[in-house]
K.L.:
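Supplied in structure tokens, the structure appears directly below.
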Number of protein chains: 2
Amino acid sequence: MSRVINVLLAEDQGMMRGALALLLGLEDDIEIVAQVGNGDEILPQALATRPDIALLDIELPGRSGLDAAAELRERLPDCRVLILTTFGRPGYLRRAMEAGASGFLVKDGPVEELAAAIRRVLAGERVIDPALAAAALSAGPNPLTQRERDVLAAAVDGATVADIAAKVHLSPATVRNYLSAAIGKTATRNRMEAVRAARQNGWL
Amino acid sequence: MSRVINVLLAEDQGMMRGALALLLGLEDDIEIVAQVGNGDEILPQALATRPDIALLDIELPGRSGLDAAAELRERLPDCRVLILTTFGRPGYLRRAMEAGASGFLVKDGPVEELAAAIRRVLAGERVIDPALAAAALSAGPNPLTQRERDVLAAAVDGATVADIAAKVHLSPATVRNYLSAAIGKTATRNRMEAVRAARQNGWL
DNA sequence: GGCGGGCGGTGACTTTTGTCATGGCATGTG
DNA sequence: CACATGCCATGACAAAAGTCACCGCCCGCC
């Protein structure tokens, strides 16, 4: 075997982060060189510690793990990215691949998968749940335009049309048009169902 | 020191469950005697393995950890309950205490807290985050009636009044009355904000 | 026994949503 | 160039959602 594998761990839940760090630390060939709980710290810490692989949660405070992955691939091409997320949303997988990730793991599987996935990624393999890959392909690409996503995202917590219009700097009537379009494209009956569907698919 | 502490671990996320189990297993005085990923398995497993303490997540498939806690206290009074949850909602804490839990931990803090909390609970202490306790007290009790909760819960994913009425077996007009009442009590502007507020407070 | 509260319901009313047709303006691309 | 597509907007209309007053029933409580 070659050298030790240096890994950066980005995960917002303290207990999860600590547990994973301790766990991976038990492996002889793995060393945690950085732990962060915020998306904005990923790149700086990576530049400082030069990990071989970054283990990124998607939903983080600050920058999303997907955005961080893209930056990482650009600024530190030698660092592989392994996405580790709670939600196996098709759109997340797709975006992860587009961002240059080498693997995509959901937090459901057994812990043993994790160290194994790290080694496989470092060996040049791509690690993706086959069932999830199939779902991502069958679901097709994101049908929503940028504005439709913006408007839908602004509608998540029950905001009124006026609220959304103010947030996105659009006319209220225009907002309703975009909402209507999003509802149509998601084949739902109202804005809340549209939000749910978009979230489910990782289109937000 | 006395005997080893037998613990039952209920947590739905496989990786989290595995990591915690491995972690706690490293402690000399702690032994995991049962691991479950489903709320309905908690009581049967507890009856079979007779743990000293049950470590319960709240949001589980099947029965909620809070419901399981109440049953556990009744059927197995010698078994302490320590709630371990992602969300430090005031209402959750309140319900946990009413269900007879001895402790309430959020998954944010450091991992070291966990083993420490287990030992403290077994020593007869109550383990509760002081800040959270204050929030729970200042937030006051759940103002929603049973039916208001039912209707609100049925409204979570954008269901129409007709859908809710069908789900809850009520007249559509009555459903709208309950929704209106819930919106009033939560001081919000529409059903989605009411749902959010209710969730935030752990009133669902 | 009167009173408050939760429960279930109706009808009438206003406001908000959702739909649709239609317009203009900017991009591209065959 | 014509055409499609995304963007922003308006106005009109139908369908939901939300509000309010009011009804009766039951239960617990002072």
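Computed from a predicted structure; not experimentally measured.
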K.L.:
Just checking, A/R89 and A/F87: is the charged tip under 6.0 Å from the six-membered ring centre and within 45° of the axis?
P.N.:
yes

K.L.:
When you measure from the side chain of B/T145, which nucleotide among C/dG6, C/dG18, D/dA17 comes out closest?
P.N.:
C/dG6

K.L.:
State which of C/dG6, D/dC7, D/dA12 makes the closest approach to the side chain of A/Y178.
P.N.:
D/dC7

K.L.:
Grab the CG-P distance between B/L179 and D/dC20 for me, whole Å please.
P.N.:
15 Å

K.L.:
Can you tell me the distance, in whole Å, between the CZ atom of A/R176 and the C1' atom of D/dA16?
P.N.:
12 Å

K.L.:
How close or far is atom P of D/dG18 from atom CG of A/N190, stated in whole angstroms?
P.N.:
10 Å

K.L.:
When the C1' atoms of the five terminal pairs at each end define the local axes, what inter-axis angle does the helix from C/dG1-D/dC30 to C/dG30-D/dC1 show, to 10 degrees?
P.N.:
30°

K.L.:
May I ask you to evaluate whether B/R191 reaches the phosphate of D/dG18, defined as a side-chain N or O under 4.0 Å from OP1 or OP2?
P.N.:
yes

K.L.:
Taking the minimum atom-to-atom distance to the side chain of B/Q146, which one of C/dC7, C/dT17, D/dC8 wins?
P.N.:
C/dC7

K.L.:
Nearest of C/dG8, D/dT10, D/dA21 to any side-chain atom of A/N177?
P.N.:
D/dT10

K.L.:
First locate atom CZ of B/R191, then atom CG of B/L152, and finally report the distance between them rounded to the nearest 0.5 Å.
P.N.:
9.5 Å

K.L.:
What is the distance, to the nearest angstrom, from the CG atom on A/D150 to the P atom on D/dG6?
P.N.:
15 Å

K.L.:
Taking 4.0 Å as the cut-off, does a side-chain nitrogen or oxygen of A/S180 come that near to OP1 or OP2 on C/dG18?
P.N.:
no

K.L.:
Do A/L84 and A/L56 come within less than 4.5 Å of each other through their side chains, counting heavy atoms only?
P.N.:
no

K.L.:
Please state how far atom CG in B/L152 lies from atom P in D/dA17, giving the value in whole angstrom units.
P.N.:
14 Å

K.L.:
Quick one: A/I183 CD1 to D/dA15 P, roughly how many Å, whole number?
P.N.:
16 Å

K.L.:
For the side chain of B/T174, counting heavy atoms from C-beta on, which of D/dG18, C/dG8, C/dC7 is nearest?
P.N.:
C/dG8

K.L.:
Send over the distance from B/M192 CE to D/dG18 C1', rounded to a whole Å.
P.N.:
15 Å

K.L.:
Check this one for me: any side-chain N or O of B/T160 less than 4.0 Å away from OP1 or OP2 of D/dA17?
P.N.:
no

K.L.:
Below 4.5 Å, heavy atoms only, C-beta onward: do A/R189 and A/I183 meet side chain to side chain?
P.N.:
no

K.L.:
Which nucleotide sits closest to the side chain of A/R147: C/dT10, C/dC7, D/dC8?
P.N.:
D/dC8

K.L.:
Nearest to the side chain of B/L170, heavy atoms from C-beta on, is which of C/dG6, D/dG18, C/dG9?
P.N.:
C/dG9

K.L.:
Taking CD from B/E193 and C1' from C/dT16, how many angstroms apart are they, rounded to a whole number?
P.N.:
13 Å

K.L.:
Can you confirm whether the side chains of A/T85 and A/E59 place a donor and an acceptor under 3.5 Å from each other?
P.N.:
no

K.L.:
Examine the side chains of A/D163 and A/T160 and answer whether a donor and an acceptor come within less than 3.5 Å of each other.
P.N.:
yes

K.L.:
If you define the side chain from C-beta out and look only at heavy atoms, does anything of A/F104 sit under 4.5 Å from A/V127?
P.N.:
no

K.L.:
Would you compute the distance between atom CZ of B/R80 and atom CG of B/L72 and round it to the nearest 0.5 angstrom?
P.N.:
12.5 Å

